[in-house]
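Notes to accompany the following structure.
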Amino acid sequence: MKKLILLYIIVTFGYAYAGSLLVNGSFEQPEIGNEPPNHVKSWANGTIVTYKDDDVNGWDTTASDEEIEFWSADAGTPYEGNQFIELNANEVAAVYQDIPTTPGKKFHWFVAHRGRSGVDTARVLIGSPNGELTEIIQMVDDNDKWGTYQGSYLVPDGQTITRFQFEAVSTATGSKTVGNFLDGFKVGPMVEYKMDECYWLDGDDSVKDSSENGADAEAMNGARIEQNDSISYHSGYFDGDDDYLITNSNDALDFNTTMTITMWIKPLNSTDQTFIQKYESGSGWNSKSTGWILEFQEGVVFSNDILNFSIEIDGNQENVSIEPKNWADGNWHFVVVRYDDDNLTLMYDDQVSTKEVSGSVDNANTDMLIGASQNGNNVDNNFNGYMDEIKIFGVALGDDEIDMLKYNDQHQNNYTGLPRKAPICSASIKANSWELIGIPADFRKDSNTKSTVSDIFGDDMNGDYGSDWIVYRRDYSDTNNSSWYTVLDESDTLDFGRGYWLGSKLDSNWSENGASTVDYNSTYNGTQDCVSTRCVEIDLKSVSKNFEEDEDDGTGPYRYNMSGFIGKTPIDWADCRFIVMDLDGSNKEVLTPTGADDSGYANKQIWLYSPNASDANNNGYITCDDTTPGGCQLEPYKGFWIELHGSTKNKIVKLLLPQGE
């Protein structure tokens with residue numbers, strides 16, 4: 001790509017911004033106490049006010065008086081920021097925001113809700129402003145804490161504007177105009193690389209996209225994870241020679257008239273280098289280039305160094321650039337690209353450059369590269385340094401959303417504001433002890449080159465197998481409810497989702513580097529049954545005898561499954577689900593642990609082996625369920641017991657596990 005010497009303007013964050021944005025999701029504007037605009041009415045010494053919706057950035061109301069009621073932190077505790085709203089001001093109505101969207105794309109959304117005087121209920125509706133809105137979920141919360149709600153939405157064909165609307169259903173007082181607080185509304189990234197994996201494998205989809213759209217990337221030529229220098233937990237390191245990441249063409253990376261890209265970079269030199277691109281140069285004299293590219297261009301004799309973003313819009317190349325301060329100074333820098341069909345904006349820390357431009361993005365039908373650019377068959381302009389927290393949105397975020405996203409990145413939160421769970425990359429076992437373990441990997445893939453006892457443990461465990469350390473499996477009878485332990489050979493294959501006993505005479509620290517990461521490919525992805533962005537299904541062994549119907553042969557009425565957690569970040573047991581169906585796949589039910597208990601299929605309680613815990617029983621187990629105060633978690637590298645009951649005879653039973661953060 002040719003170097004571009006451009007005029008630019010520099011301003012600071014917080015400037016007035018117009019355009020089609022996702023704005024004011026945490027209701028920080030107007031700021032109570034700062035005029036204009038003038039509020040309509042006020043209460044509680046001016047800490048609660050109403051504004052006309054024309055004076056509220058981003059939001060409208062269906063109320064006949066056009067008023068929206070704002071509360072400050074002096075009147076109550078916000079979910080985030082300094083303000084929140086009460087859903088209805090003076091009458092029963094709805095508040096909504098219309099956002100430009102691209103048909104066929106899947107969005108993640110998030111909002112916080114709280115009761116005012118007790119338990120209040122509101123509902124989330126999504127759809128076309130000119131068509132029917134669909135109720136997605138009802139939010140039910142007491143007044144003691146904020147509840148959080150999130151989900152995915154697939155934009156239908158032809159729907160270029162999507163309305164997110166919130167309506168009161170009921171309140172503790174019986175008056176719909178008194179209650180239902182809202183805060184923290186967000187639309188999530190189309191693609192997000194947290195770079196929190198424990199390792200990357202060359203040519204493998206080990207760089208995970210945590211969004212709904214599954215645009216996993218491949219690490220090329222030794223691009224690796226860095227665990228000691230990052231914005232949040234881990235980052236990606238690029239040597240500037242030949243390594244980069246590549247994401248195969250994914251329509252989640254195509255845009256219409258709005259987009260936002262955010263990332264953290266720590267460059268180590270000032271040579272020409274590319275950070276991210278989905279760009280294809282025209283090959284003929286009359287052919288057009290397509291796509292977009294963010295790069296650093298080293299200055300020559302008559303020009304200075306610039307950070308430049310180039311994008312093809314309606315057949316024209318549009319550019320916006322900055323002369324970046326403190327480049328390659330050993331510090332992390334926050335970079336934002338935003339296009340909203342009125343302005344193209346580039347931000348670098350507190351520097352901002354913007355250019356007026358409108359039109360549709362000319363998307364490139366090519367792969368996306370991170371850390372390099374591709375010109376024909378050549379990959380060059382390799383980046384040297386660190387990158388972290390790359391997020392790509394299909395909407396143009398407002399300034400307050402960008403500020404909140406930056407804050408969340410720096411405080412190891414998800415974009416929702418909820419704390420992120422740290423990745424766990426290894427496990428340990430003390431000498432002369434046993435551990436009930438799970439293997440955080442997927443052994444169902446043909447591409448998995450590591451699956452045996454020797455593959456997983458052989459390079460980590462101290463001593464010789466069979467004398468210094470050993471692995472046992474739990475096996476089950478098909479004719480009765482009996483089960484037993486089987487000692488494994490080093491060449492025996494480990495099974496996906498199964499728990500094992502690992503015993504050792506020596507202290508050891510182990511991990512499963514080299515085994516395939518988990519393929520979260522459940523058929524329930526994108527539904528309310530999968531509470532995360534993606535889920536995975538693990539087979540459980542049903543009972544062979546129902547003692548209410550069959551004779552008692554002494555093997556007991558239950559089937560205890562020794563299962564293993566396969567993820568790398570903890571998940572809540574309350575977010576897991578039992579899938580129960582007939583052998584032919586009919587009469588399928590998806591149940592919470594409590595629901596499975598109530599239906600007679602399983603015990604809602606799980607058993608976790610922790611012999612040294614203060615609350616462990618004489619056998620070394622602690623127990624918890626999906627209603628345990630303080631939570632009940634499945635943890636990486638740990639196994640657990642699940643109890644299935646007689647009614648699972650002649651049933652297929654699976655466990656649905658959400659993907660961790």
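- D553 has a carboxylate O that lies under 4.0 Å from a charged side-chain N of K545, or vice versa, which qualifies the two as a salt bridge.
- A salt bridge links K638 to E435: at least one charged side-chain nitrogen sits closer than 4.0 Å to a carboxylate oxygen.
- Note on K186 versus E80: salt bridge recorded, some NZ/NE/NH1/NH2 to OD/OE distance being below 4.0 Å.
- Within the cation-pi definition used here (under 6.0 Å to the ring centroid, within 45° of the axis), R474 qualifies as a partner of Y485.
- For the pair R114 and F84, the cation sits on the ring face: its NZ or CZ lies under 6.0 Å from the ring centre, inside 45° of the axis.
- Between F181 and W71, the ring centre distance stays below 6.0 Å.
- Between R577 and E589 there is no salt bridge, since no side-chain N of the basic residue sits under 4.0 Å from a carboxylate O of the acidic one.
- A salt bridge links R420 to E389: one of the charged nitrogens lies within less than 4.0 Å of a carboxylate oxygen.
- Screening W59, F27, Y79 against F185 for a ring-ring contact (aromatic ring centres under 6.0 Å, His included) leaves a single residue, W59.
- Under 4.0 Å is where a charged nitrogen must lie from a carboxylate oxygen, and between D216 and R534 at least one such pair does.
- A donor atom on one side chain and an acceptor atom on the other are found under 3.5 Å apart for S522 and E537.
- One finds a salt bridge joining K391 and D409 here, because a Lys/Arg side-chain nitrogen approaches an Asp/Glu carboxylate oxygen to under 4.0 Å.
- Side-chain atoms of T171 and T173 include a donor-acceptor pair closer than 3.5 Å.
- Counting non-hydrogen atoms of other residues, nucleotides and ligands closer than 6.0 Å to CD of E548 gives a total of 12 or fewer.
- Between R444 and D539 there is no salt bridge, since none of the side-chain N atoms of the basic residue sits less than 4.0 Å from a carboxylate O of the acidic one.
- Here the options are F457, Y609, Y500, W510, the test is ring-ring contact (aromatic ring centres under 6.0 Å, His included), and the partner is Y637; only W510 passes.
- Under the 4.0 Å criterion applied to side-chain N and carboxylate O atoms, E86 and R116 are assigned as salt-bridge partners.
- Panel note: side chain D552, backbone G554; a donor-acceptor pair is recorded below 3.5 Å.
- Cation-pi geometry between R163 and Y96 is satisfied (NZ or CZ under 6.0 Å from the ring centre, within 45° of the ring normal).
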